[in-house]
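Positions are given from 1, in the same order as the sequence printed here.
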Amino acid sequence: MAERRRQSLKAQRKDKKRHKHNLLIKTELKKTLKKLQGSIAGKNIEEAKTLLKEVTSKLAKAAKKNTIHKNTARRKVSRLSKKVARLAA
């Protein structure tokens, strides 16, 4: 019985650590998404293109590590790419 208790405590520690890491990734992602949305709203084409690359990379990494779902990442990249393309055209 004591063994299970130790295992559950270790699992809780691991969960806390993973949660902190996932939150860090998600907040960084949200910050860059907001920057990109701002540059799109401000019609700053060059900045939007560079930020799109950065956002795409961060979304792919988050999806690869299962922080967010892969289809969510793909959908966001698609929609943002359309917005930037419309801005450039």
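- Considering every non-hydrogen atom in both Val55 and Leu80, the closest pair reads CG1-CD1, 3.8 Å.
- With sequence neighbours excluded, the residues that form a side chain to side chain contact (heavy atoms under 4.5 Å, CB included) with His69 are Asn71, Thr72.
- With rounding to the nearest 0.5 Å, the separation of OG in Ser78 from NZ in Lys76 is 13.0 Å.
- Within the structure, the side chain to side chain donor-acceptor pair (under 3.5 Å) test picks out no pair touching residues 79-89 (sequence neighbours left out).
- Taking NZ of Lys70 as the reference point, atom CZ of Arg74 lies at 5.0 Å (rounded to 0.5 Å).
- In this structure, the side chains of Ile68 and Leu29 come closer than 4.5 Å at one or more pairs of heavy atoms.
- With sequence neighbours left out, Thr56 forms a side chain to side chain contact (heavy atoms under 4.5 Å, CB included) with Leu52, Val77.
- With sequence neighbours excluded, no residue forms a side chain to side chain contact (heavy atoms under 4.5 Å, CB included) with Leu24.
- Screening residues 12-24 for salt bridge (Lys or Arg N to Asp or Glu O under 4.0 Å) gives Asp15-Arg18 as the qualifying pairs, with residues at least two apart or on separate chains.
- Ser39 contributes atom OG, which lies 8.0 Å from atom CG of Leu87 (distance to the nearest 0.5 angstrom).
- Within the structure, salt bridge (Lys or Arg N to Asp or Glu O under 4.0 Å) contacts touching residues 48-65 (residues at least two apart or in different chains) are Glu28-Lys58, Glu54-Lys58.
- Among all heavy-atom pairs drawn from Thr67 and Asn22, the shortest one is OG1-OD1, 3.4 Å.
- One finds the CG atom of Leu51 at 10.0 Å from the CG atom of Leu33 (value rounded to the nearest 0.5 Å).
- Atom NZ of Lys35 is separated from atom OG1 of Thr50 by 10.0 Å, given to the nearest 0.5 angstrom.
- Across every non-hydrogen atom of Leu36 and Ala48, the tightest pair is CD1-O, 3.4 Å.
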